[in-house]
Every structure is written in C-alpha cells, then in structure tokens.
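Worksheet for the structure shown next.
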Amino acid sequence: MAEITLTFPDGAKRAVPKGASGIEVAKSIAPSLAKRTVAMVLDGVLMDAADPIEHDAAIKFVARTDPEALELIRHDCAHVLAEAVQDLWPGTQVTIGPVIENGFFYDFAKAEPFHPDDLPRIEKRMREIIAKSAPFAKEVWGRDKAKAFFEEKGEHFKVELVDAIPAGEDVKIYKQGEWLDLCRGPHMTSTGQIGNAFKLQRFSGSYWRGDAQGPQLQRIYGTAWASDKDLAAHLHMLEEAEKRDHRKLGREMDLYHFQEEGPGTVFWHAKGWTLFQALVSYMRRRLAGDYDEVNAPQVLDKSLWETSGHWGWYQDNMFAVKSASAFENPRDEARDQRVFALKPMNCPGHVQLFKFGLKSYRDLPVRLAEFGCVHRYEASGALHGLMRVRAFTQDDAHVFCTEDQLEAECLKINDLMMSVYKDFGFQEVTVKLATRPEKRVGTDAMWDHAENILRKVLAKMAAEDSRIKTGINEGEGTFYGPKFEYTLRDAIGREWQCGTTQVDFNLPARFGIFFVDADGEKKQPVMVHRAICGSLERFLGILIESTGGHLPLWLAPVQAVVATIVSDADQYANEAVKALRKAGLRVETDLRNEKINYKVREHSLAKVPVLLVVGKREAEERKVSVRRLGSDKSTVMSLDEAIAALKEEATPPDLKRD
RNA sequence: GCCGCAAUAGCUCAGCCGGUAGAGCACCGCAUUCGUAAUGCGGGGGUCGGGGGUUCGAGUCCCUCUUGCGGCACCA
C-alpha cells in the first residue's frame, strides 16, 4: 500500500498509509490521542477528523480545548439548535446557521413567531440532544438526490442552497443521529463534544439572503464556549458592556435625553453640551491654519439636491420642508409651494461657497470645514441613542484641489486623523479602501482612476504609520466615489467606523465648478469629502462607552466638585471654587447639609473625576483633600498645589504639545 | 421599513383570574454639623404612552397609532 508522510507541529514526521483517516492516524499513535481528537488541521485547513488523508501534509490534531475547536463547538451547536427547533416545531424550515463572533445563529422559516419562553425550552432540548452524543457523519450526495430529498421534506430554502453550490463542488450532508443538514463542514466527531457551556441569547427577525424584499425569517442567537468558565467570562463581559451603555450613562451623568416628540434627536443638557463644546473647540483648534471654517444654509431648494444627486438617491431618507401655510393649502398657487430639503450633507453647500467668485489655481487647495448639523430621515428601526440619530453634527470638510494635489491632501488628512484619534486615546486604527458599489454614477474609467490613486495612498499611509492596519471593502464605496473608512477599536475591544475620506470626481462635474489654471484654461477640481469624528453625537457616544463615563479631565463637563464636611467650611469652599475657576477649571460646589459619605457617593455615581473635600482642617490650612473617581484614597495638599496639578491635567492634549 | 417584545410617579420597578394604583431612590419640609460610596422623621407627587372598542366595571382583555428595546435591512 502506498504511503504518505505527515509532519507534526513539533517537526516529527511519520509515514502512514495513503487514504488513512485522521482518526486512524491518531489511533495508531495513541488511543488517548484518538479519543481527544475532535478535528484536524491539514496544511492549515481545518477538517473533519474522519476525512481521509491523500497526500503528504502538515498535520495537527485538534482537541476540544484547542482554540481551533471553538468555531466547531459553535457550528455544531448551531446544528443542534436546528435539530431541537425542528423537534419542537415540526414543519419549521431550516436555512443557514453560521458561526459568528462569540457564538452562532440559525435562521428558521416558521409560521408562528418564537416567544421569549421558547428559548429555555429549546435550550433544554439541545442539552438532551447533546447528552445522546450522536456521531457527526458526513456523506457526499448527488445533487439530484439532495434536491429530491429536501424537496420531499418541504425544505425549500435548502433546495435553493443546493442549487447555489457551484458545479464541481460536493454536496455534503452531515448527519447527527436521525437529523441531518446540508453543510460545508467541518464538524467535530459527535454532538457530545459540544459540551454544556452554551446559552441561547435572543431571537429576532432576519431576511433570507439578507434581502429586505425577500422572505422574513426568524433568527435565534446563541453563544458557545469550550468551558463554563469561558462562558461565564463572556456573559460577565456583556454585563459590563451593558453598564457602559451611553444611554444609561447619559442619564446618570445628566448629559442628554431623548423624548417621544423628537424621535432620533438629542436634548443636550448643560453638562452634555459642555462636553460637546469641548470636542468642537478641540477640533476647531486642530483645523486652524489649514482649513477655513464656513457655514452653509440648513435649508436649500430641492433643485440643488437634484443636481447633486442626493434627491434621486436618498429621497426616502431626506426631510423636505415647505412653509406651514403651503402644507395647509397645497393647492393654493398664490402661496410659495417651493420644496426645500433640510441638508443631509454639507457638500452641495460647500460647492456653492467654492463657486462664489472665480478661483485660480493659486487658491488651491481650498479646504472648507463646517461643524454642519445635518438631518437624515433614518428608518425608525435604525435609531439607537446617540449612535444613530436623525439630526447630527459632522466635523465635515471638503477639499477642492487639482488631481496632482490629491495624494498629498489624502496623506495630510490621514496625519490629522491619526493625531486626533491618538488624542482621544484610540491606538488601533484600521483603514479600509471601499471600492465601487454596484449602483453608482460616473464612468468606469473615472472609478479605475480614483481607486488606483487611493490604493497607492493607502500603501503609503500604512508604510508611514505602524498603527495603521489596512484592508479592502469591496463594493462599499459611495455612489459618487471610492473612500477610506477609518475604524477605531475601543477600550473593550469593539470596533467603530468613524473617519472617512472620499474622493469625488462627480460632484464637481455635476455642479460644473472650475478653477482657472496657469495656462488660463478652465479646469475642474477634484473634491475630497472628509470627516474625522464623523457624527459628533456618535463620537461622544463612543467616547462615553469606551471610557465607561470616566472621561479624561479635559473633556469632563464638571471637572471637580468642592464638597464640604461642615458648614463652617462653606466660605473657604466658595473661595476655593473661585480660585479653581479663575484657573479655567469647570468646578462646582456642594455645600448641602449632607454627610460627606452621601456627597462622595453621589458625585462618584455622577462620574465627577475629582472630588475636593474640605472640612474645618482644610479651611484653616488652605488645603484640599483630593479624591479621584474610582479610588477610595484621598490626598491632602494645598489648594495652590491642587490647582496647578488639575490645571496641567485639564489642558487638552493638543495644547500640551505646543 | 420588517420580525418580536415593551411602555405604570423624575428614576428603577411591583401590581394574580378584570373590582377604580404601590415600593425604593429622587423631590419638598423639619431635625441633624457629621471626616471620604446612602442620617432620621414627616410630606407632596400618577388622566397607568395616545385614541378607540369589549364590559356593570379596564393599568389588566381586543384593535390602532406613537415611542422605546433586541435583531434584520439601511447608513450619502
């Protein structure tokens, strides 16, 4: 019999019969190895342990506790979920059930909706199935057999999936006892290896093939881990994330609120607005010298949006306004029936600003910045706290330049982005190039050209800054041009797309803008749209969640509270606050007739970074007892020392550099 | 927008088979001057999200609208 050579992770080599399965090889080494093997990695590819090995390869046996097994546990768990659901509700059709970050889901087509009480029932059935520990058995079926089988069972979605498998690829079936599923695999050797460290979390609606026009399915989400400890850790992490929810913190810190009459719009409280303004002031300083800050109208004639293309593309998501009397009397032609749009973007406004007056090549690049408040009629189901709203402020800018200047402008923007993110404590940044979408405007030649420039720039950016990871988002560009998407990773590992740089050859053409070049000819500039924070509202939401409300001193709306222990210290407390404010600090007093314990608790819950406690002693010695948020220790120092230290710490990072 | 769930005092929540609302915190008043995460006592506060229906009677059951929550879809 022909032999092949397997190479093990430790470099050891072993000759085995050609066509032997992974399990057979493991058994030949040691029965215990075979017993704990749930899968194998062959030349870097995760496979069933029962698959035959046909040629020389690097092999690694995967145990249930190996990191490679985690996706198998989750995927197997999805299969068991599907079996349990079909057990409990015969006639339910199964569709797909992939592994996702931290878990899995399965989409079902079922006439009756799931009920919250169903989850524990399903979970119970799953544990029973797992307890039976049926082996996973793979079979390769003929396409016709598979189609006939699923058709006969009324599994119409599976039939579609079989049809979608490319010719020449096997139609694989995985059996677990009586139940089976069409599946690419791989799987572990039996359902028993899934273990018990899983939990069904929630269910929701979803769409077949992600198509909102298509059939609506019901999705069940679960999480699964190798051990109870890992599961518990994950659930604990979810609880922690919930505590940081900016909607909850916003209320506790008295920053903002939402109410029924203004769906998707923010009521900024005084403290929240102070935070907002601290962000705007910072960004404004970062623009100084390079950008001209402008302000374009909030409401502009519909025709402008037709020219820009927004009306055609995003009409459903735009707010349109007429005069109130025109609304009441829509047929009265004597009244102004003109339709205006609330701006959803700043760019058409900035184009008008560029157009005003003749521009020379000497003026370029023209960089117009605006903290523009835009309105977008977002779908009701999309709204989410500060993260997705219908009115938000962008730190927007448009650069009008020549094609020759494009690369340098993109790099300049990139430098600013990275510097800003660093100031807010974000170290890891991913920049992805989003290329032409299916639905778009402009010629292919234009897209080729623009994408090529950005590809080149992306390579340069990555070469110049080791913090930048890069990638490509195929087909994710905007309708008018390709873009860079900047994604930040927050303190608890979540990713947020914030910045964007978009190259646009279209808008200049649509609006017919030009500059006079050195040769006296009219030339069309290129436009670069760029935002760093993106939506300031959302960016603050991210900051609040990332810091858990423990904002750095320079951003905290109330930087310190001077709290008295006895009323004898009131006068001194007032003097201290006066001195602190004189130093530019945002400070409040708490002279209430309450115990110091009460005050400490209250200001801690409100996330005030610094508590300056003053009693009789401090008043007599002109000192303060400094207690930092999150610490139960306090340090007594002179008022002057405290002011100097806080003033230094509260200086925004950009001002410290100068 | 779609699927599911929910909405009771400022906040967090209880309220059974339908019988006309309750707690804690917060707020107000009084007492207390106290050394680093809740001082005590007293008081006020609700068209039970809006509208309609069933019923002798609706916070509770039904319909509908609005808003929120979890996803999906969308995100210029």
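Everything numeric here is computed off the predicted structure, so don't read it as measured data. Just so you know, these numbers use all the heavy atoms, side chains as well, and skip hydrogens, waters and symmetry mates. So you know, we letter chains A, B, ... as the sequences are listed, proteins then strands, and number each from 1.
- A donor-acceptor contact under 3.5 Å is formed by the side chain of Arg627(A) with the base of A37(B).
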query = Could you run down nucleotides 39-49 of chain B 5' to 3' and tag each one B, S or - for protein heavy-atom contact under 4.0 Å?
reply = B----------

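- Scored by the salt bridge (charged side-chain N to carboxylate O under 4.0 Å, His left out) test, Glu594(A) finds no partners at all (sequence neighbours excluded).
- For the pair Leu605(A) and Ser206(A), nearest-nucleotide mapping onto RNA chain B gives the more 5' position to Leu605(A).
- Protein atom CD of Glu252(A) is 18 Å distant from nucleotide atom P of C25(B), rounded to whole Å.
- The residue Ser308(A) sits apart from the nucleic acid: no heavy atom pair falls under 4.0 Å.
- Nucleotides G45(B) and A6(B) are separated by 25 Å at their C1' atoms, to the nearest Å.
- Nucleic acid contact class of Phe258(A) (heavy atoms, under 4.0 Å, all strands): none.
- Using a 5.5 Å limit on the distance between ring centres and a 30° limit on the angle between planes, the aromatic ring of Tyr314(A) counts as stacked on the six-membered base ring of A76(B).
- Side-chain to base pairing of Arg388(A) with C74(B): one donor and one acceptor N or O lie within less than 3.5 Å of each other.
- Here Gly264(A) lies in heavy-atom contact (under 4.0 Å) with sugar-phosphate atoms only.
- Residues Arg440(A) and Asp444(A) are paired through a salt bridge, judged by an N-O separation under 4.0 Å between the basic side chain and the carboxylate.
- The ring pair (Phe, Tyr, Trp, His ring centres under 6.0 Å) contacts involving residues 590-617 of chain A comprise nothing, where partners must be two or more places apart or lie in separate chains.
- Here Arg247(A) reaches the OP1 or OP2 of C69(B): one of its side-chain N or O atoms lies under 4.0 Å away.
- Distance noted for atom C1' between C11(B) and G68(B): 16 Å (whole Å).
- Using a 4.0 Å heavy-atom criterion, one finds that Asp316(A) contacts no nucleic acid atom at all.
- Residues satisfying the side-chain hydrogen bond (donor to acceptor under 3.5 Å, both in side chains) criterion with Asn574(A), sequence neighbours excluded, are absent altogether.
- Counting to the nearest Å, the P atom of G68(B) and the CE atom of Met387(A) are 16 Å from each other.
- No hydrogens or angles considered: nothing links the side chains of Thr223(A) and Asn102(A) as a donor-acceptor pair under 3.5 Å.
- One can find a donor-acceptor pair under 3.5 Å joining the base of G35(B) and the side-chain atoms of Glu618(A).
- Within residues 93-121 of chain A, the residues that place at least one heavy atom under 4.0 Å from RNA chain B are, in residue-number order, Pro113(A).
- Atom pair Arg510(A):CZ and A76(B):C1' shows a separation of 12 Å (rounding to whole Å applied).
- Rounded to a whole angstrom, the distance from the C1' atom of G40(B) to that of G59(B) is 35 Å.
- Between Asp590(A) atom CG and U36(B) atom P there is a gap of 16 Å when expressed in whole angstrom units.
- Contact between the side-chain N/O atoms of Arg202(A) and the OP1/OP2 oxygens of C3(B) is not found at any separation under 4.0 Å.
- Checking side-chain atoms of Ser625(A) against main-chain N and O of Ser634(A) turns up no donor-acceptor pair under 3.5 Å.
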Would you list the atom pairs, donor with acceptor, under 3.5 Å between side chains in residues 310-321 of chain A and any protein atom, with sequence neighbours excluded?
unit_1	atom_1	unit_2	atom_2	d
His310(A)	ND1	Ser308(A)	OG	2.6

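- Taking the six-membered ring for Trp and thresholds of 30 and 60 degrees, Phe114(A) and Trp89(A) have ring planes more than 60 degrees apart, a perpendicular arrangement.
- In terms of modelled atom types and a separation under 3.5 Å, the side chain of Glu495(A) and the main chain of Leu488(A) share no donor-acceptor contact.
- Within a 6.0 Å radius of NZ in Lys355(A), other residues, nucleotides and ligands contribute more than 12 heavy atoms.
- Between A9(B) and G22(B), the distance separating the two P atoms is 14 Å to the nearest Å.
- Aromatic ring orientation, Phe108(A) versus Tyr106(A): parallel (interplanar angle below 30°, classes split at 30° and 60°).
- Judged purely by distance below 3.5 Å, without hydrogens or angles, the side chains of Asp504(A) and His529(A) pair a donor atom with an acceptor atom.
- Every residue was checked against the salt bridge (charged side-chain N to carboxylate O under 4.0 Å, His left out) condition with Glu537(A), not counting sequence neighbours, and none meets it.
- Among the nucleotides U33(B), U36(B), A76(B), the one closest to any side-chain atom of Thr478(A) is A76(B).
- For Tyr207(A) and G71(B), the shortest distance from a side-chain N or O to OP1 or OP2 is not below 4.0 Å.
- One P atom belongs to U8(B), the other to U47(B), and the distance between them is 12 Å to the nearest Å.
- Listed by chain and residue number, nothing satisfies the salt bridge (charged side-chain N to carboxylate O under 4.0 Å, His left out) test with Arg510(A) (two or more places apart in sequence, or in another chain).
- Glycosidic conformation of C69(B) is anti; the angle lies outside 90° of 0.
- Regarding Asp254(A), its CG atom lies at a distance of 16 Å from the P atom of A26(B), rounded to whole Å.
- Side-chain contact between Val624(A) and Val562(A): absent, with no pair of heavy atoms (C-beta onward) separated by less than 4.5 Å.
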task = Under 3.5 Å for both distances, Watson-Crick or G-U wobble, that's the pair rule; now give the dot-bracket for RNA chain B, with | marking pairs to another strand and [ ] for crossing ones.
result = (((((((..((((.....[..)))).(((((.......))))).....(((((..]....))))))))))))....

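- Nucleic acid contact class of Arg251(A) (heavy atoms, under 4.0 Å, all strands): sugar-phosphate only.
- With sequence neighbours excluded, the residues that form a side-chain contact (heavy atoms from CB on, under 4.5 Å) with Pro113(A) are Gln218(A).
- The stretch residues 374-383 of chain A touches RNA chain B through Arg376(A), Ala379(A), Ser380(A), Gly381(A), Ala382(A), Leu383(A), each having a heavy atom within less than 4.0 Å of the strand.
- Straight-line distance between the P atoms of C13(B) and G49(B): roughly 15 Å, to the nearest whole Å.
- Taking atom C1' on both nucleotides, A58(B) is separated from G51(B) by 15 Å, rounded to a whole Å.
- When heavy atoms are screened at a 4.0 angstrom cut-off, Pro344(A) is found touching base atoms of the nucleic acid.
- OP1 or OP2 of G70(B) lies within a sub-4.0 Å distance of a side-chain N or O belonging to His384(A).
- Taking Glu474(A) as the reference, nothing meets the salt bridge (charged side-chain N to carboxylate O under 4.0 Å, His left out) condition, with sequence neighbours excluded.
- Looking at heavy-atom distances under 4.0 Å, Ile596(A) makes contact with sugar-phosphate atoms alone, never a base.
- C5(B) and C75(B) have their P atoms separated by 28 Å, given to the nearest Å.
- Comparing Arg592(A) and Phe479(A) by the nucleotide of RNA chain B that holds the closest heavy atom to each, the one mapping nearer the 5' end is Arg592(A).
- Distance from the side chain of Lys616(A) is smallest to G35(B) among G70(B), C72(B), G35(B).
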